[in-house]
Amino acid sequence: MFRYFCVLLFCAWAAAAQAEIRVLTSIKPLQLIAAAVQDGVGSPEVLLPPGVSPHHYVLRPSEVRRIGAAELLYWIGPDLETFLPKVLAGRSRPSVAVQQLAGLQLRHFGEAHHDEHDHDHRPGSLDAHLWLLPANAKVIAAQIAADLAAADPANAARYQANLIAFQSRLEALDARLAARLAPLAGKPYFVFHEAFDYFEAAYGLEHAGVFAVAQEVQPGARHVAELRARLQQAGPSCLFSEPPLRPRLAETLSAGLPVRLAELDPLGSAVAVDARGYERLLENLAEALGGCLEELP
(Lines give C-alpha, C1' and ligand atoms only; values in the text may rest on other atoms or scores of the structure.)
Protein backbone atom coordinates (compact mmCIF):
# COMPACT_ATOMS: atom_id res chain seq x y z
CA MET A 1 0.00 0.00 0.00
CA PHE A 2 2.82 2.36 0.89
CA ARG A 3 4.55 1.58 -2.40
CA TYR A 4 1.34 2.28 -4.31
CA PHE A 5 0.99 5.59 -2.50
CA CYS A 6 4.57 6.53 -3.41
CA VAL A 7 3.90 5.75 -7.06
CA LEU A 8 0.85 8.01 -7.01
CA LEU A 9 2.88 10.79 -5.42
CA PHE A 10 5.63 10.42 -8.02
CA CYS A 11 3.10 10.51 -10.87
CA ALA A 12 1.51 13.62 -9.44
CA TRP A 13 4.92 15.28 -9.08
CA ALA A 14 5.93 14.32 -12.62
CA ALA A 15 2.69 15.71 -14.03
CA ALA A 16 3.18 18.96 -12.15
CA ALA A 17 6.79 19.19 -13.31
CA GLN A 18 5.74 18.70 -16.92
CA ALA A 19 2.71 21.00 -16.82
CA GLU A 20 3.09 23.65 -19.47
CA ILE A 21 3.21 27.24 -18.26
CA ARG A 22 0.51 29.12 -20.13
CA VAL A 23 2.11 32.14 -21.78
CA LEU A 24 -0.06 34.70 -23.58
CA THR A 25 1.28 37.60 -25.64
CA SER A 26 -0.66 40.52 -27.00
CA ILE A 27 0.84 40.46 -30.52
CA LYS A 28 2.50 37.87 -32.71
CA PRO A 29 6.08 39.23 -32.63
CA LEU A 30 6.13 38.73 -28.86
CA GLN A 31 4.67 35.25 -29.36
CA LEU A 32 7.53 34.45 -31.75
CA ILE A 33 10.13 35.59 -29.21
CA ALA A 34 8.43 33.56 -26.48
CA ALA A 35 8.33 30.52 -28.77
CA ALA A 36 12.12 30.63 -29.07
CA VAL A 37 12.45 30.55 -25.27
CA GLN A 38 9.77 27.88 -24.71
CA ASP A 39 11.01 25.63 -27.51
CA GLY A 40 10.62 21.99 -26.52
CA VAL A 41 8.71 22.83 -23.35
CA GLY A 42 5.56 24.71 -24.37
CA SER A 43 3.82 26.82 -26.99
CA PRO A 44 2.90 30.46 -26.29
CA GLU A 45 -0.48 31.81 -27.33
CA VAL A 46 -1.32 35.15 -28.89
CA LEU A 47 -4.27 37.41 -28.12
CA LEU A 48 -4.81 39.44 -31.30
CA PRO A 49 -5.98 37.55 -34.38
CA PRO A 50 -3.93 37.82 -37.60
CA GLY A 51 -4.26 40.92 -39.72
CA VAL A 52 -5.62 43.30 -37.08
CA SER A 53 -3.89 46.44 -35.88
CA PRO A 54 -2.82 46.59 -32.23
CA HIS A 55 -3.48 50.33 -32.36
CA HIS A 56 -7.25 49.89 -32.52
CA TYR A 57 -8.86 46.77 -31.09
CA VAL A 58 -11.90 45.89 -29.02
CA LEU A 59 -11.60 42.80 -26.85
CA ARG A 60 -14.28 40.15 -26.94
CA PRO A 61 -15.47 38.50 -23.69
CA SER A 62 -13.68 35.27 -24.61
CA GLU A 63 -10.42 37.20 -25.02
CA VAL A 64 -10.86 38.85 -21.63
CA ARG A 65 -11.21 35.35 -20.14
CA ARG A 66 -8.00 34.24 -21.88
CA ILE A 67 -6.19 37.19 -20.33
CA GLY A 68 -7.36 36.13 -16.89
CA ALA A 69 -6.35 32.49 -17.41
CA ALA A 70 -2.80 33.04 -18.65
CA GLU A 71 -0.06 32.48 -16.07
CA LEU A 72 2.33 34.91 -17.76
CA LEU A 73 1.24 37.75 -20.05
CA TYR A 74 3.45 39.97 -22.20
CA TRP A 75 2.42 43.11 -24.06
CA ILE A 76 4.30 46.07 -25.49
CA GLY A 77 2.66 48.68 -23.28
CA PRO A 78 0.07 51.46 -23.20
CA ASP A 79 1.74 53.24 -26.12
CA LEU A 80 0.68 50.41 -28.43
CA GLU A 81 -2.18 48.32 -27.02
CA THR A 82 -4.38 51.10 -25.71
CA PHE A 83 -7.22 48.60 -25.19
CA LEU A 84 -5.35 46.55 -22.55
CA PRO A 85 -4.61 48.68 -19.43
CA LYS A 86 -8.16 48.60 -18.06
CA VAL A 87 -8.41 44.83 -18.44
CA LEU A 88 -4.97 44.19 -16.97
CA ALA A 89 -5.79 46.31 -13.93
CA GLY A 90 -8.05 43.49 -12.74
CA ARG A 91 -5.52 40.73 -13.40
CA SER A 92 -3.77 39.12 -10.40
CA ARG A 93 -1.10 37.15 -12.28
CA PRO A 94 2.09 38.64 -13.74
CA SER A 95 1.74 41.01 -16.71
CA VAL A 96 4.87 42.45 -18.27
CA ALA A 97 4.79 45.64 -20.35
CA VAL A 98 8.01 45.06 -22.25
CA GLN A 99 8.46 48.75 -23.14
CA GLN A 100 9.37 49.24 -19.47
CA LEU A 101 12.20 46.67 -19.41
CA ALA A 102 15.66 47.93 -18.54
CA GLY A 103 18.17 47.72 -21.35
CA LEU A 104 15.85 48.41 -24.26
CA GLN A 105 16.87 50.83 -26.97
CA LEU A 106 13.83 53.07 -27.40
CA ARG A 107 13.01 55.62 -30.06
CA HIS A 108 10.46 58.43 -30.16
CA PHE A 109 8.64 59.74 -33.21
CA GLY A 110 10.29 62.83 -34.57
CA GLU A 111 13.85 61.56 -34.13
CA ALA A 112 14.33 60.87 -37.84
CA HIS A 113 15.13 63.59 -40.38
CA HIS A 114 11.64 63.54 -41.87
CA ASP A 115 8.87 65.20 -39.91
CA GLU A 116 5.84 63.31 -41.21
CA HIS A 117 3.83 61.02 -38.98
CA ASP A 118 0.77 58.90 -39.45
CA HIS A 119 -2.33 59.44 -37.36
CA ASP A 120 -1.45 56.89 -34.67
CA HIS A 121 1.99 58.32 -33.93
CA ARG A 122 2.28 61.79 -32.43
CA PRO A 123 5.67 63.54 -32.63
CA GLY A 124 7.53 63.00 -29.39
CA SER A 125 5.55 59.90 -28.40
CA LEU A 126 7.24 56.53 -27.91
CA ASP A 127 7.72 54.46 -31.04
CA ALA A 128 6.32 51.19 -29.70
CA HIS A 129 7.38 49.03 -32.66
CA LEU A 130 10.42 48.16 -30.55
CA TRP A 131 10.41 44.44 -31.43
CA LEU A 132 11.90 45.22 -34.85
CA LEU A 133 15.33 45.83 -33.33
CA PRO A 134 17.18 42.54 -32.72
CA ALA A 135 18.91 43.95 -29.63
CA ASN A 136 15.50 44.60 -28.07
CA ALA A 137 14.33 41.07 -28.86
CA LYS A 138 17.30 39.78 -26.84
CA VAL A 139 16.21 41.83 -23.82
CA ILE A 140 12.61 40.64 -24.11
CA ALA A 141 13.69 37.01 -24.48
CA ALA A 142 15.89 37.27 -21.37
CA GLN A 143 12.93 38.54 -19.33
CA ILE A 144 10.67 35.75 -20.58
CA ALA A 145 13.35 33.14 -19.80
CA ALA A 146 13.76 34.48 -16.26
CA ASP A 147 10.00 34.52 -15.67
CA LEU A 148 9.56 30.99 -17.00
CA ALA A 149 12.44 29.68 -14.92
CA ALA A 150 10.83 31.14 -11.80
CA ALA A 151 7.42 29.69 -12.66
CA ASP A 152 8.77 26.35 -13.87
CA PRO A 153 12.09 25.56 -12.11
CA ALA A 154 12.13 21.99 -13.45
CA ASN A 155 12.75 23.37 -16.95
CA ALA A 156 14.92 26.36 -16.00
CA ALA A 157 18.02 24.90 -17.66
CA ARG A 158 16.14 24.36 -20.92
CA TYR A 159 14.84 27.93 -20.95
CA GLN A 160 18.35 29.26 -20.37
CA ALA A 161 19.80 27.08 -23.13
CA ASN A 162 17.07 28.22 -25.51
CA LEU A 163 17.78 31.85 -24.62
CA ILE A 164 21.51 31.49 -25.29
CA ALA A 165 20.85 29.77 -28.62
CA PHE A 166 18.31 32.44 -29.65
CA GLN A 167 20.64 35.30 -28.81
CA SER A 168 23.50 33.65 -30.66
CA ARG A 169 21.37 33.15 -33.77
CA LEU A 170 20.24 36.78 -33.62
CA GLU A 171 23.85 38.00 -33.63
CA ALA A 172 24.57 35.96 -36.75
CA LEU A 173 21.33 37.13 -38.39
CA ASP A 174 22.09 40.75 -37.57
CA ALA A 175 25.41 40.48 -39.40
CA ARG A 176 23.77 38.89 -42.45
CA LEU A 177 21.04 41.52 -42.65
CA ALA A 178 23.55 44.34 -42.31
CA ALA A 179 25.56 42.96 -45.21
CA ARG A 180 22.43 42.55 -47.34
CA LEU A 181 20.95 45.98 -46.70
CA ALA A 182 24.01 48.25 -46.43
CA PRO A 183 24.32 48.74 -50.22
CA LEU A 184 20.71 49.99 -50.36
CA ALA A 185 21.17 53.06 -48.15
CA GLY A 186 19.79 56.17 -49.83
CA LYS A 187 17.44 54.38 -52.23
CA PRO A 188 14.04 56.10 -52.05
CA TYR A 189 10.97 54.37 -50.67
CA PHE A 190 7.72 55.40 -49.02
CA VAL A 191 5.44 53.75 -46.44
CA PHE A 192 1.83 54.11 -45.37
CA HIS A 193 2.58 53.38 -41.72
CA GLU A 194 5.54 54.60 -39.70
CA ALA A 195 6.32 51.23 -38.16
CA PHE A 196 9.83 50.48 -39.35
CA ASP A 197 12.12 53.08 -37.79
CA TYR A 198 13.83 50.57 -35.45
CA PHE A 199 14.61 48.21 -38.31
CA GLU A 200 15.72 51.06 -40.55
CA ALA A 201 18.00 52.54 -37.89
CA ALA A 202 19.62 49.14 -37.33
CA TYR A 203 20.52 48.73 -41.00
CA GLY A 204 21.18 52.23 -42.30
CA LEU A 205 17.91 52.76 -44.15
CA GLU A 206 15.41 55.63 -44.00
CA HIS A 207 12.06 55.98 -45.71
CA ALA A 208 11.61 59.11 -47.81
CA GLY A 209 8.10 59.80 -46.56
CA VAL A 210 4.98 58.53 -44.83
CA PHE A 211 1.78 58.69 -46.86
CA ALA A 212 -0.36 59.18 -43.79
CA VAL A 213 -4.06 58.91 -44.51
CA ALA A 214 -6.84 58.11 -42.08
CA GLN A 215 -8.18 54.63 -42.86
CA GLU A 216 -11.78 55.70 -42.64
CA VAL A 217 -11.41 58.80 -44.80
CA GLN A 218 -10.70 58.79 -48.53
CA PRO A 219 -8.19 61.58 -49.21
CA GLY A 220 -9.34 64.44 -51.40
CA ALA A 221 -8.09 65.11 -54.90
CA ARG A 222 -5.75 67.85 -53.72
CA HIS A 223 -4.09 65.61 -51.17
CA VAL A 224 -3.72 62.80 -53.71
CA ALA A 225 -2.13 65.23 -56.17
CA GLU A 226 0.36 66.35 -53.49
CA LEU A 227 1.31 62.76 -52.71
CA ARG A 228 1.74 61.93 -56.41
CA ALA A 229 3.98 64.95 -56.75
CA ARG A 230 6.18 63.53 -53.99
CA LEU A 231 6.51 60.28 -55.90
CA GLN A 232 7.23 62.06 -59.17
CA GLN A 233 9.97 64.09 -57.53
CA ALA A 234 11.56 60.96 -56.03
CA GLY A 235 11.80 59.22 -59.40
CA PRO A 236 12.10 55.41 -59.39
CA SER A 237 11.09 54.30 -55.91
CA CYS A 238 9.21 51.72 -53.86
CA LEU A 239 5.89 52.17 -52.07
CA PHE A 240 5.26 49.71 -49.24
CA SER A 241 1.89 48.83 -47.77
CA GLU A 242 1.13 46.21 -45.11
CA PRO A 243 -0.95 43.04 -45.30
CA PRO A 244 -3.66 41.94 -45.36
CA LEU A 245 -4.92 44.62 -47.75
CA ARG A 246 -3.13 46.99 -50.08
CA PRO A 247 -4.77 50.44 -49.93
CA ARG A 248 -6.56 51.40 -53.14
CA LEU A 249 -4.65 54.66 -52.82
CA ALA A 250 -1.42 52.81 -53.64
CA GLU A 251 -2.63 52.07 -57.17
CA THR A 252 -3.91 55.62 -57.62
CA LEU A 253 -0.67 57.22 -56.48
CA SER A 254 1.63 55.01 -58.52
CA ALA A 255 -0.31 54.86 -61.79
CA GLY A 256 1.97 55.82 -64.67
CA LEU A 257 4.97 56.45 -62.40
CA PRO A 258 8.19 54.41 -62.02
CA VAL A 259 7.02 53.19 -58.62
CA ARG A 260 7.18 49.56 -57.50
CA LEU A 261 4.49 48.38 -55.07
CA ALA A 262 5.42 45.90 -52.37
CA GLU A 263 4.52 44.82 -48.81
CA LEU A 264 6.24 44.98 -45.44
CA ASP A 265 4.75 43.02 -42.55
CA PRO A 266 5.98 44.24 -39.14
CA LEU A 267 3.80 41.69 -37.33
CA GLY A 268 4.90 38.57 -39.20
CA SER A 269 1.30 37.58 -39.87
CA ALA A 270 2.17 34.61 -42.09
CA VAL A 271 5.21 33.40 -40.13
CA ALA A 272 4.97 29.97 -38.52
CA VAL A 273 5.20 30.01 -34.72
CA ASP A 274 8.34 28.10 -33.75
CA ALA A 275 11.81 28.68 -32.34
CA ARG A 276 13.00 30.50 -35.47
CA GLY A 277 9.85 32.45 -36.23
CA TYR A 278 11.15 35.79 -35.00
CA GLU A 279 14.22 35.43 -37.17
CA ARG A 280 12.01 34.77 -40.20
CA LEU A 281 10.01 37.92 -39.42
CA LEU A 282 13.20 40.00 -39.73
CA GLU A 283 14.42 38.02 -42.74
CA ASN A 284 11.11 38.64 -44.51
CA LEU A 285 11.38 42.38 -43.91
CA ALA A 286 14.91 42.40 -45.29
CA GLU A 287 13.86 40.33 -48.29
CA ALA A 288 10.89 42.60 -49.07
CA LEU A 289 12.97 45.77 -48.75
CA GLY A 290 15.94 44.36 -50.59
CA GLY A 291 13.87 42.69 -53.28
CA CYS A 292 12.25 45.99 -54.22
CA LEU A 293 15.09 48.45 -53.66
CA GLU A 294 17.63 46.33 -55.51
CA GLU A 295 15.51 46.67 -58.67
CA LEU A 296 15.74 50.45 -58.58
CA PRO A 297 18.34 52.06 -60.87
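Worth saying up front: this structure is predicted, and the values here are computed from it rather than measured. For reference, positions follow the sequence shown, starting with 1.
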When you measure from the side chain of [X] to the backbone N and O of [Y], does any donor-acceptor pair fall under 3.5 Å?
| X | Y | value |
| --- | --- | --- |
| Arg228 | Leu257 | no |
| Asn136 | Gln105 | yes |
| Asp265 | Gly268 | yes |
| Arg230 | Ala208 | yes |
| Trp131 | Ile140 | no |
| Lys187 | Leu296 | yes |
| Tyr198 | Arg107 | yes |
| Glu81 | Gly77 | yes |

Going by side chain to side chain contact (heavy atoms under 4.5 Å, CB included), name the residues that satisfy it together with [X], two or more places apart in sequence or in a different chain.
| X | answer |
| --- | --- |
| Val96 | Tyr74, Val98, Leu101, Gln143, Asp147 |
| Ser241 | Phe192, Arg246, Pro247, Glu263 |
| Ser62 | Arg60, Arg65 |
| Pro153 | none |

Single-linkage hydrophobic cluster, 4.5 Å side-chain cutoff, [X] and [Y] together:
| X | Y | answer |
| --- | --- | --- |
| Leu267 | Val46 | no |
| Ile76 | Val52 | yes |
| Leu163 | Val273 | no |
| Leu72 | Leu84 | yes |
| Leu106 | Phe199 | yes |

Just do the side-chain contact (heavy atoms from CB on, under 4.5 Å) check on Ile144 and Ile33 with the steps written out, would you?
-> CA-CA 9 Å; Ile144 294 174; Ile33 296 171; 4.3 Å; yes
Do you know the tightest heavy-atom contact between [X] and [Y]?
| X | Y | value |
| --- | --- | --- |
| Ile67 | Leu73 | CG2-CD1, 3.8 Å |
| Leu181 | Gly290 | CD2-N, 4.3 Å |
| Phe166 | Ala275 | CD1-O, 4.5 Å |
| Leu133 | Ala202 | CD1-CB, 3.6 Å |
| Asp174 | Pro134 | OD1-CG, 4.1 Å |
| Trp75 | Pro78 | CZ3-N, 3.4 Å |

Please report the interatomic distance [atom1]([X]) to [atom2]([Y]), rounded to the nearest 0.5 Å.
| X | Y | atom1 | atom2 | result |
| --- | --- | --- | --- | --- |
| Leu80 | Leu130 | CG | CG | 8.5 Å |
| Ser254 | Leu261 | OG | CG | 4.0 Å |
| Leu177 | Glu287 | CG | CD | 10.5 Å |
| Asn284 | Glu279 | CG | CD | 11.5 Å |
| Asn155 | Ile21 | CG | CD1 | 8.5 Å |
| Thr25 | Leu32 | OG1 | CG | 8.0 Å |

Determine, step by step, whether Val41 and Glu20 satisfy the side-chain contact (heavy atoms from CB on, under 4.5 Å) criterion, reporting the C-alpha distance in whole Å, the side-chain angles of both residues, the deciding distance to 0.1 Å, and the verdict.
-> CA-CA 7 Å; Val41 183; Glu20 179 179 336; 6.0 Å; no
For the residue pair Phe190 and Phe211, categorise the inter-ring angle as parallel (less than 30°), tilted (30 to 60°) or perpendicular (more than 60°).
-> parallel
Is there a side-chain contact between [X] and [Y], using heavy atoms and a 4.5 Å cut-off?
| X | Y | answer |
| --- | --- | --- |
| Leu249 | Leu227 | yes |
| Leu289 | Leu264 | yes |
| His55 | Phe83 | no |
| Pro29 | Leu281 | yes |
| Leu253 | Val259 | no |
| Val23 | Leu148 | yes |

Summary of side chain to side chain donor-acceptor pair (under 3.5 Å) pairs that have at least one residue in residues 87-96, sequence neighbours excluded = Arg91-Ser95
Side chain to side chain donor-acceptor pair (under 3.5 Å) partners of residues 27-41, not counting sequence neighbours, each pair once | none
Among residues at least two apart in sequence or on other chains, which ones pass side-chain hydrogen bond (donor to acceptor under 3.5 Å, both in side chains) with [X]?
| X | result |
| --- | --- |
| Ser43 | none |
| Glu171 | Lys138 |
| Arg276 | none |

Between His193 and His129, ring centroids under 6.0 Å | yes
Aromatic ring proximity Phe240/Tyr189, centre distance under 6.0 Å | yes
Taking salt bridge (Lys or Arg N to Asp or Glu O under 4.0 Å) as the definition, give me every residue that meets it alongside [X], ordered by chain and number, with sequence neighbours left out.
| X | value |
| --- | --- |
| Arg280 | Asp274 |
| Glu283 | Arg176 |
| Arg22 | Glu45 |

From CA spacing to verdict: side-chain contact (heavy atoms from CB on, under 4.5 Å), Asp197, His207 = CA-CA 8 Å; Asp197 287 7; His207 55 270; 3.0 Å; yes
Working for salt bridge (Lys or Arg N to Asp or Glu O under 4.0 Å), residues Arg222 and Glu226 | CA-CA 6 Å; Arg222 181 177 178 180; Glu226 291 172 351; 3.7 Å; yes
Please assess Leu24 against Arg66 for the test side-chain contact (heavy atoms from CB on, under 4.5 Å), listing each intermediate value before the final yes or no.
-> CA-CA 8 Å; Leu24 179 65; Arg66 290 179 66 203; 3.5 Å; yes
